[in-house]
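Right, one structure below, let's go through it.
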Amino acid sequence: MKELPKAYEPEQYEDKIYTRWEESGFFNPDKCDKEGKCTTGKSFSIVLPPPNVTGTLHIGHASMLAIQDLMIRYHRMKGDRTLWVPGTDHAAIATQTKVEKLLMERGIKEPKKELGREKFLEEVNKFAKESHDTIVNQSKKMGSSLDWSREAFTLDEPRNLAVKTVFKKMYDDGLIYRGYRIVNWCPRCHSTLADDEVEHKTSQGKMYWIKYGPFILATTRPETKLGDTAVAVNPNDNRYKDMVGKKYMIPGVLGEFEIIVVADDAVDIEFGSGAVKVTPYHSFTDYEIAQRHGIVGKQIIDEDGKMMANCGKYAGMTTLEARTAIVKDMEKMGLIDHVEDYENNLSICYRCGHAIEPIPSKQWFIDVNKRFKLEKSKLKNIKDGQEVSLKELMQTVVKSEQIEIVPERFDKIYFHWIDNLRDWCISRQIWYGHQIPVWYKGDEIFVGIEAPDEDGWLQDPDTLDTWFSSGLWTFSTLGWPNETEDLKNFHPTTVMETGYDILFFWVARMILMTTYTLGDIPFEKVYLHGLVRDEQGRKMSKSLGNVIDPLDVCKEYGTDAVRLSLLIGNTPGNDCKLSEEKIAGFRNFSNKLWNISRFILTQIEDNKYQIIDKPTPKTLADKWILVNLGIVIYEVSKNIEKFQFSQAGELLRDFTWNELADWYLEIAKIEGDKSEILNYILSVILKLWHPFMPFVTEQIWTEIYGEERMLIVEKWPTIQKTSLQEEAVDFGCTSIDFQLIQDIIAGIRSLRAENKIEPVKKLNVVISAGGKKDLLEENSEIIKTLARLENLQIEESATKPAGSIGFVKSGVEIFVDLSGAIDVEKEKIRLEKEKQELGIYIKGLGGKLDNKEFVNNAPPAVVEKEQQKLNEAKDKLIKLNSQLEGLN
RNA sequence: GCACGCCUAGCUCAGUUGGUUAGAGCAUCUCCUUUACACGGAGAGGGUCGAGGGUUCGAAUCCCCCGGCGUGUACCA
């Protein structure tokens with residue numbers, strides 16, 4: 001007879017199991033196909049959101065891996081041709097910033113200047129490589145069944161080719177252009193940022209009311225006065241009506257300067273004095289006002305965030321230093337009217353937190369509004385050759401439901417974002433990334449995949465926004481621009497599973513890039529998960545010291561426990577809270593499953609350790625457990641398909657622990673002869689649990705059935721809903737029959753506990769069973785053993801023996817002989833209380849059924865059900881009354 | 001400002017087309033070393049589903065309004 005160790009010790013098995021999976025080759029759909037495992041003819045593919053090579057994986061990554069691996073393993077077992085593509089993201093600015101910091105810690109004060117482009121990039125690549133290796137190992141630790149043979153990196157050669165190809169195509173279509181305009185500039189990173197790479201933080205500042213020629217106006221940035229060229233007022237503002245169009249000389253700290261007054265709707269009459277100073281080159285709003293009125297700007301802040309040479313004595317100061325100095329000088333000149341405290345939104349860099357400076361700059365942009373001809377379209381509502389803009393493409397695929405976002409409420413957020421979308425600035429002044437495939441020679445420009453042949457051409461030194469390359473991810477990983485088999489088989493991918501926090505950064509960009517490049521969607525469904533927070537709902541961060549390291553907890557509680565704690569109690573689009581107690585709870589469950597298996601092993605007849613088909617049930621308990629197992633198969637599959645992973649897991653846990661372990665296994669000890677049925681049930685629940693907790697299930701599977709067959713590619717159990725109902729009928733029982741047995745046992749146990757009867761004392765019970773006599777007799781051994789009875793007397797009709805107390809379940813009366821050890825008063829109170837509750841219940845039901853409107857309007861089935869409940873309750877009341885009388 | 005989400009047992013949350021006396025896990029209390037498991041078993045207590053209106057025969061569920069918390073977003077100088 002086979003035997004298992006008493007407790008499941010994860011660290012003993014996990015690495016070995018992962019190695020076996022890897023060596024089996026089953027992570028690769030080609031291998032599964034070759035072995036005849038792909039039986040549905042369908043493909044299922046997910047491309048892993050590539051973790052940034054900026055460090056290590058955190059618990060949020062672990063959650064993402066658990067969710068995706070669950071889907072992947074489920075579909076693989078179902079027989080779909082299933083592919084999960086791994087990869088990492090070079091994360092341009094983030095990685096470069098991180099390495100700069102590390103180099104500075106190593107004593108290199110200005111890494112870029114001291115090392116130069118080539119040496120510096122060497123350092124970044126070295127760091128990225130190490131980070132990549134860590135990430136791969138961590139992913140494996142989590143049990144992720146990724147096809148490592150297809151691993152990709154956003155900055156490797158094949159992806160570089162894809163990037164250059166798309167860039168050139170967009171340039172040729174006139175969608176990519178070079179323009180001089182105001183951009184978000186991070187003086188720390190020394191680079192532009194896209195609009196959504198800018199974060200807003202409320203901060204305490206000052207509002208300066210300044211005397212400005214004929215105006216008094218309010219500003220938070222007096223230092224930008226040096227770059228003012230206009231004053232704007234609302235066209236409907238009578239106060240300034242006569243001034244519009246006129247020019248004024250304004251006294252300033254560097255002497256007088258001229259401004260023109262313009263009328264513009266962007267100005268709020270109510271705010272401040274209703275007059276706005278316009279600094280076209282250092283404010284987005286002002287730039288737009290200036291454009292509308294043909295006003296020229298003046299740049300006064302440079303790329304270091306410092307005042308430029310044209311700022312006289314303020315030149316070289318940072319903007320903050322200049323602000324202090326200028327305010328001081330203005331005060332001396334009597335130009336400050338008054339100063340107020342003011343709370344405003346500070347724009348900061350999402351990578352380094354430094355304040356963003358709007359400055360004018362010559363950059364590359366993607367035009368999101370320009371229409372172009374989409375040659376080939378696989379999109380709903382868009383024909384081949386139709387003229388569309390990128391914005392329209394992004395809108396139409398979600399509106400037409402060709403792409404479905406789960407949960408649905410993110411649709412609105414997505415559309416709102418597109419509505420406010422401006423041209424995308426894609427050039428970055430950093431070194432780590434895809435260098436822009438543009439070459440210059442004097443005024444000539446060349447855009448191409450390779451550098452021009454002749455000498456004298458210089459490549460643009462800038463690199464592309466990291467999201468440009470990750471936007472191509474679903475198809476660049478599958479081999480595009482080559483026409484590969486993978487592209488044919490796996491694109492569009494089935495599901496994109498990622499965090500809602502990168503809906504705009506990434507998901508929207510993939511939709512943009514893919515619809516444009518392929519005329520197709522990148523994925524059919526977007527499943528958005530939330531953040532993993534600590535038990536108090538705070539973000540996990542190093543400074544708070546509340547970080548749960550996935551590897552630490554995997555080691556302590558087992559990877560399966562960690563995965564379960566991230567899957568159960570975690571619903572789409574919502575943040576979830578995680579604590580070690582929660583993980584420990586699921587560690588207990590993995591051990592429970594292990595011990596269930598351990599027990600079942602003892603029940604399997606020798607030499608019959610093989611997977612078998614569904615056996616014929618012999619007893620009521622057999623029928624009950626098989627019908628319920630069928631329900632679980634059906635419900636778990638359905639919930640996984642609907643992305644309700646938590647629900648699926650809970651159902652499975654309830655079945656495994658409450659029905660199988662707590663009831664059926666105890667009955668198996670009594671009835672015996674369960675070799676086949678237990679063997680079958682175990683094999684089914686191991687399959688059902690496998691996508692949730694791959695390690696412990698695979699290990700048990702191996703212990704029982706040997707190493708030849710691996711659980712990872714076993715066939716997922718299936719059941720038709722109709723056959724479920726038929727099955728219960730075929731078995732000649734209803735779930736209510738077994739429920740009665742459970743209720744009788746639970747009722748006796750409850751009376752025993754309430755009356756403080758010692759557990760060892762065996763009781764005598766008489767049951768007045770009516771039509772249920774045969775049923776109860778068949779199962780009398782179960783009742784006797786589980787309720788610890790000495791004698792069990794089952795009659796069609798019995799009267800209450802003296803010295804006993806009773807209860808009623810489904811029309812059956814159970815009398816428990818307590819041999820006079822009854823506390824009569826206590827028992828009276830119990831029965832009275834029950835009677836009272838029942839009375840309220842009956843009154844409610846009666847009222848409902850007397851209500852003609854209810855009877856007429858509610859569906860007949862509902863009415864009938866209520867009537868039945870009423871009848872049963874009335875019957876129970878009669879029996880309770882007679883029991884109460886018996887006590888007097 | 002606008003939009004979205006959340007408020008259900010002490011805690012974390014389910015509750016998907018409105019229909020059992022509202023559920024689970026953890027925690028709490030009582031009892032039990034019954035040979036699969038004390039990372040266990042049996043039993044128990046605990047909620048007027050944030051407040052108030054409305055629709056309906058019937059509302060935790062749909063509508064309105066209010067309050068608290070959170071998130072996203074906007075051109076507030």
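Convention: sequence-line order gives letters A, B, ...; per-chain numbering from 1.
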A/Q647 side-chain proximity, nearest of B/G43, B/A36, B/U16
B/U16
Scan every strand shown for a Watson-Crick or G-U wobble partner of B/C26, both distances under 3.5 Å, and answer none if you come up empty.
B/G10
Does any nucleotide pair with B/G50 by Watson-Crick or G-U wobble geometry, both distances under 3.5 Å, and what is it?
B/C66
Only pairs with both distances under 3.5 Å count, Watson-Crick or wobble alike; so what is the partner of B/C31 in this structure?
B/G41
I'd like to know if A/K592 reaches the base of B/C39 with its side chain, counting only an N/O donor and acceptor under 3.5 Å.
no
Any A/N588 side-chain nitrogen or oxygen under 4.0 Å from OP1 or OP2 of B/G40:
yes
What's the closest nucleotide to the A/Q644 side chain, out of B/A44, B/U16, B/A14?
B/U16
Going 5' to 3' through nucleotides 72-77 of chain B, assign each nucleotide B (protein heavy atom under 4.0 Å from a base atom), S (under 4.0 Å only from sugar-phosphate atoms) or - (no protein heavy atom that close).
-SBBBB
Which nucleotide in the set B/C4, B/G19, B/A36 lies at the smallest distance from any side-chain heavy atom of A/R409?
B/C4
Distance, rounded to the nearest Å, where A/K833 contributes NZ and B/A44 contributes C1':
10 Å
Looking at B/U21, B/A14, B/C57, which one has an atom nearest to any side-chain atom of A/F854?
B/C57
Closest of B/U16, B/A14, B/U30 to the A/N574 side chain is B/A14
Contact under 4.0 Å: A/N591 side-chain N or O vs B/C39 OP1/OP2
no
B/A36 C1' sits how many Å from A/I600 CD1, rounded?
9 Å
Under a 3.5 Å cut-off for both contacts, is B/C2 paired Watson-Crick or G-U wobble with anything, and if yes, with which nucleotide?
B/G72
Would you tell me if any nitrogen or oxygen in the side chain of A/K577 comes within less than 4.0 Å of OP1 or OP2 on B/C13?
yes
As a test of reading the structure: which of B/U20, B/C39, B/G43 is closest to the side chain of A/K869, going by heavy atoms?
B/U20
Establish, with yes or no, whether the OP1 or OP2 oxygen of B/A44 is under 4.0 angstrom from a side-chain nitrogen or oxygen of A/S750.
yes
So if I take residues 653-669 of chain A and measure heavy-atom distances to RNA chain B, which residues fall below 4.0 Å?
A/R653, A/W657, A/A661, A/D662, A/L665, A/E666, A/K669
